[in-house]
Structures are given as C-alpha cells and as structure tokens.
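Input: a single structure, listed below in structure tokens.
All figures in this text were calculated on a predicted structure; none of them were measured in a lab.
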Amino acid sequence: MYISEEKLLLVGVDHGFSMMKHTHGCFPNGIKRLNGAATLKNNTLELNGQFYKVGEGRLPMKADKVSDEDYFILTLAAIAKECQYYDIT
C-alpha cells in the first residue's frame with residue numbers, strides 16, 4: 001500500500017480460492033445480486049443501480065474468473081474496504 005502526495009491509493013487484491021484478500025483484511029468470495037436496495041447497508045455494493053451483497057458464503061469453482069462480472073464486483077468491494085480503512089470517501 002502506498003499513498004503518494006497526490007493522494008493516490010494503490011490497493012493489492014488477491015482473488016483466492018475462497019477468500020478475497022486485500023492489504024488490511026479479507027472476506028469470503030460470496031456474492032449475491034439483490035432484487036432491490038438492501039435494508040442493511042453492511043457489505044452491500046451498489047453498481048449501476050444494482051445492489052450486491054458481498055462476503056457471505058462462497059462462489060463455486062470457476063474455470064476462469066473473467067467469464068462474468070462476479071470477480072470484478074468483488075474487486076470493487078475489496079477496494080471499498082481499503083477506502084474505509086483509510087477513511088476515504
């Protein structure tokens with residue numbers, strides 16, 4: 001992790017077998033698309049008007065991690081968690 005004078009935040013993310021790991025934590029790689037806004041905002045990501053619950057459960061094994069948007073969304077969640085750590089909004 002490096003924060004430069006220009007406030008650039010570099011985030012390392014590891015897309016593991018069952019856990020998403022980032023510099024200051026980790027969470028299960030589960031992701032669930034919600035039908036509407038979540039009642040509890042904890043571990044909820046909004047992307048393009050769609051809500052996702054992340055970090056609950058575990059994704060099944062996939063041949064690759066780029067065939068759908070699951071790992072992209074999980075990467076955004078890991079970046080968001082790092083931003084929370086540094087109190088960046």
- Message: Any heavy-atom pair between the side chains of Leu59 and Asp70 that's under 4.5 Å?
- Response: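 The answer is yes; the side chains approach within 4.5 Å.
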- Query: Heavy atoms, side chains only, cut-off 4.5 Å: are Leu76 and Leu74 in contact?
  - Reply: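 In short, these two side chains do not touch, never coming nearer than 4.5 Å.
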- Query: If you measure from CZ on Arg58 to CE on Met61, what distance do you get to the nearest 0.5 Å?
  - Reply: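 Between atom CZ of Arg58 and atom CE of Met61 there are 8.0 Å.
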- Message: Quick check for you: to the nearest 0.5 Å, what is the distance between Asn29 atom CG and Ile73 atom CD1?
- Response: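 Output value for this atom pair is 12.5 Å.
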Is it possible for you to say whether [X] and [Y] belong to one hydrophobic cluster, with membership spreading through side-chain heavy-atom contacts below 4.5 Å?
X     : Y     : value
Leu47 : Met20 : yes
Leu34 : Phe27 : no
Leu45 : Leu9  : yes

Residue pair [X] / [Y]: nearest heavy atoms and the distance that separates them:
X     : Y     : result
Glu82 : Val11 : CG-CG1, 3.5 Å
Pro28 : Gly57 : CB-O, 3.1 Å
Asn42 : Lys53 : O-NZ, 2.8 Å
Lys21 : Cys26 : CG-CB, 3.8 Å
Gly16 : Lys65 : O-NZ, 3.5 Å

- Task: List for me each residue that meets side chain to side chain contact (heavy atoms under 4.5 Å, CB included) alongside Asp64, sequence neighbours excluded, and say none if there are none.
- Result: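 Once residues adjacent in sequence are excluded, the partners of Asp64 under the side chain to side chain contact (heavy atoms under 4.5 Å, CB included) criterion are Val66, Ser67.
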- Apply side chain to side chain contact (heavy atoms under 4.5 Å, CB included) to Asn43 and Lys81, showing your working. CA-CA 9 Å; Asn43 294 326; Lys81 287 180 180 288; 2.9 Å; yes
- Message: Listing request: all ring-ring contact (aromatic ring centres under 6.0 Å, His included) pairs with a residue in residues 34-85, at least two apart in sequence or in separate chains.
- Response: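 As it turns out, the ring-ring contact (aromatic ring centres under 6.0 Å, His included) pairs with a partner in residues 34-85, which skip direct neighbours, are His15-Tyr71, His24-Tyr85.
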- side-chain hydrogen bond (donor to acceptor under 3.5 Å, both in side chains) involving Asp68 - partner list, sequence neighbours excluded: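 With sequence neighbours excluded, Asp68 shows a side-chain hydrogen bond (donor to acceptor under 3.5 Å, both in side chains) to Lys62, given in chain and number order.
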